[in-house]
Asks: 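Sharing a structure here in structure tokens format.
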Amino acid sequence: MRTDVEEQSPILEGLNPPQQQAVRQIDGPVLVIAGAGSGKTRVITRRVAWMIDQGIPPWSILAITFTNKAAGEMRNRVATAMGRPLRDFGRLVHDSPTICTFHSLCLRILKHYAETIGLQRNFSILDVSDQQKVVKLALEACKIDPKRYSPSHSHAMISAAKNKLITPEMYAQAAGFVEKQFAPVYAKYQQLLRQNNAVDFDDLLMMTALAFRKHKAILDELSERFQYLLIDEYQDTNHAQYIIAHALVMKHRNICVVGDPDQSIYAWRGADIRNILDFEQDYSDAVVVRLEQNYRSSKRILDIASQLIKRNVDRKDKTLWTQNDEGEKAKLLLCADERDEAQQVTQQLKSLHEQQKINWNQMALFYRINAMSRVMEDALRRSGVPYEIARGVEFYNRKEIKDVLAYLRVIVNPLDEVSLERIINTPTRGIGDNSIRLMQAHATANQLALIDVLGRALEVQGLSKKASASAANLAKLFARWRGLAGITQTAELATSVQAIIEMVVRESGLEDHYRKESEEDIEGGPIENINELINSAAEFDDENPEANLETYLHQVSLVSDADHRGSEGAITLMTLHAAKGLEFPVVAIIGLEEGILPHERVKEDPSQLEEERRLCFVGVTRAQQQLILSRAQSRAYRGMVQRQMASPFLKEMPQGQIEVISSPGLGGGSGERLSSWHRDSEESQVQAEPKLKRGQRVQHPTFGQGTVADVTAMGPNTRVVIDFAKAGRKTLILEYARLTVVG
DNA sequence: AGGTCGACGTTTTTT
DNA sequence: ACGTCGACCT
């Protein structure tokens, strides 16, 4: 070990000893447990810069992040540290360090080795709603009642299987009844995707992992190239990602994973927290570095966060500390309902802006579910507070945007019938459901693709004159567009993506269609959205001079937040999940209520309670100086007004650090009210905690009667094991179990 | 063919 | 509350 007598490289400047170790330990397996606010991003960037400084070829470094946004940020920071811009262009081969997400890496791999793997390079990437459409087709083909297995549920099952690298064949051999019944749907779904020359998000991972198994040459080549692997947010990797990563490093073993088990919030998406917890078992020679000094939050905020997360039982103990100031107490706003809550929070933020001169962009507001943003937006707008929603996929889910993209997809990938069907009659051109079905039948009978039938629609029996003329017309348009996009063999100069989109929007009739539909360019109207898409395409053209339409579409499929930079003077609104990795001087979290945070689904699956607590922890630890929490006594959700109980998390926080403020809207406003957030919780606890003993008969609202087999006292986490007569053995969290004692 | 109206499920979170 | 889907009307 070198000593600090040695002259220090500027790359290590300003880093504390564990941070320096995390930067300098470049060979062999390294696990960095990076607590919230411990300067993780800094360490990762410096580490990349350090490696390059040590003479490691940049192109042999692969850094994987969780979101595109994180990748972009890191790319910028590394570029700054290196003093030169990074070249990338979304391809697999280039001379800079590769910094991207797992999905983007896999996309590059699949494209690069498309022929070996047996894919056509111009495949479409289906978004969630397209995926569900295909699932629905598969369900119908298998004659399964969509009420028994809803498309969304079915898709979730397929997705879960893929993330565990379970193929349709393996699925069919699984023991369970549900799997046996569902296996044909999964198989059909995959077959439909291949027919359409399409993949879904999970395929990107699964196909890559399987390709590594099947084609040793690919794996050899890639592990030869990427000698140094760095994975951020390792606590949120799923099994497929785990396999991909470990296959890549098998030879050289230079793997550095960075993460924080306390911030694992994606189990619902297949993330496996064991990946990080078991890293030391996977690599017995792993060097473990713990970053526990927090540079972000005040002492009070950190105390709140620590006390909260301490309640998790399934957890590696970790103590965050900080040299920062004590800070101010957090505030808890007690509100009457969701509108009152929005109003109160707005007032608080407004007074911070006016009295303490805090900029709007220094503030953020988090909520558990997207639906909660609406009321908040209304209140902010009425009070004239500028805000911006870091909305994920929302923009690309807009009807008009999906329409435009569907046209583009068909241009690039004529086999994409999911897209073709979407726009074949949008705008309406006289090709109805009937005509489509006729043409599809003709296609199947003659072993043609639907797109090919368009051109010879006259041959199709029973097709109306109008329909066949329109179809032929559309076919001609597509042929022309394909030529101009540089896709056919007779390709002239490939046109810019922006120009192609403008042309398609005009010539397809979409523009006129949407002009007519809504009276001119209303703000947020379809025409304006399409223009925004065109603008972003222009940016894409600038940044990727040698890209084509295909690259553009692939990129767009993987990008969710269209580079939403919260740089302007506006408050940022987002879900708690989206907040991961960010920090703000002022943070407000709304809806600290049972059923919201924690979400009501934990009532059915208590194992999720700890993840909800981590989610709350993530929210709290985003705050640097001020934390505002709020809860409403009643809330309208899905059209129903419900009385809301305080979140159990509130009483797990140290009360000395929280000032409770009662909204005038509550009425009464007596001293008794002031502590009601606490009282509510006590009540529910008293109610839910009948002194249970082993052998006690109990009644559960859904599972029926049962006998207590075991009780593990852990305060708010107290668990009971119950043998139910009908439902079998279940482990429940007492507080949520709604048990009543029998007899 | 294409648009309008009511019933219905639905969404917790995102690549 | 919202959007999607199917039945029914123009």
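Quick note on labels: first sequence line is chain A, next is B, and so on, each numbered from 1.
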Asks: Keeping Arg614(A) on the side-chain end and Ser264(A) on the backbone end, is there a donor-acceptor pair under 3.5 Å?
Replies: yes
Asks: Which residues pass the side-chain contact (heavy atoms from CB on, under 4.5 Å) test with Gln555(A), not counting sequence neighbours?
Replies: Phe540(A), Val559(A)
Asks: Who pairs with Asp127(A) by salt bridge (Lys or Arg N to Asp or Glu O under 4.0 Å), at least two apart in sequence or on another chain?
Replies: Lys402(A)
Asks: Which nucleotide wins on minimum distance to the side chain of Thr101(A), given the candidates dT15(B), dT14(B), dT11(B)?
Replies: dT15(B)
Asks: Please state whether the phosphate of dT14(B), meaning OP1 or OP2, lies under 4.0 angstrom from any side-chain nitrogen or oxygen of Asn370(A).
Replies: yes
Asks: Could you tell me how far apart Glu611(A) (CD) and dT13(B) (C1') are, to the nearest whole angstrom?
Replies: 9 Å
Asks: Kindly state each residue pair satisfying side chain to side chain donor-acceptor pair (under 3.5 Å) with at least one member in residues 460-472 of chain A, sequence neighbours excluded.
Replies: none
Asks: Under 4.0 Å, heavy atoms only, any strand: does Phe102(A) hit a base, just the sugar-phosphate, or nothing?
Replies: nothing
Asks: Protein-nucleotides 1-5 of chain B N/O pairs closer than 3.5 Å?
Replies:
| residue | atom | partner | partner atom | Å |
| --- | --- | --- | --- | --- |
| dA1(B) | OP1 | Gly432(A) | N | 3.3 |
| dA1(B) | OP1 | Ser435(A) | OG | 2.4 |
| dG2(B) | OP1 | Gly430(A) | N | 2.9 |
| dG2(B) | OP2 | Asn425(A) | ND2 | 3.0 |

Asks: In whole Å, measure the gap between the P atoms of dT13(B) and dT4(C) for me.
Replies: 16 Å
Asks: Under the salt bridge (Lys or Arg N to Asp or Glu O under 4.0 Å) test, which residues partner Arg635(A), sequence neighbours left out?
Replies: Glu341(A), Glu593(A)
Asks: Reckon Thr575(A) has a side-chain N or O less than 4.0 Å from the OP1 or OP2 of dT14(B)?
Replies: yes
Asks: Using a cut-off of 4.0 Å on non-hydrogen atoms, how would the nucleic acid contact of Ser152(A) be classed: base, sugar-phosphate, or nothing?
Replies: sugar-phosphate
Asks: Sequence neighbours excluded, which residues qualify as salt bridge (Lys or Arg N to Asp or Glu O under 4.0 Å) partners of Glu338(A)?
Replies: none
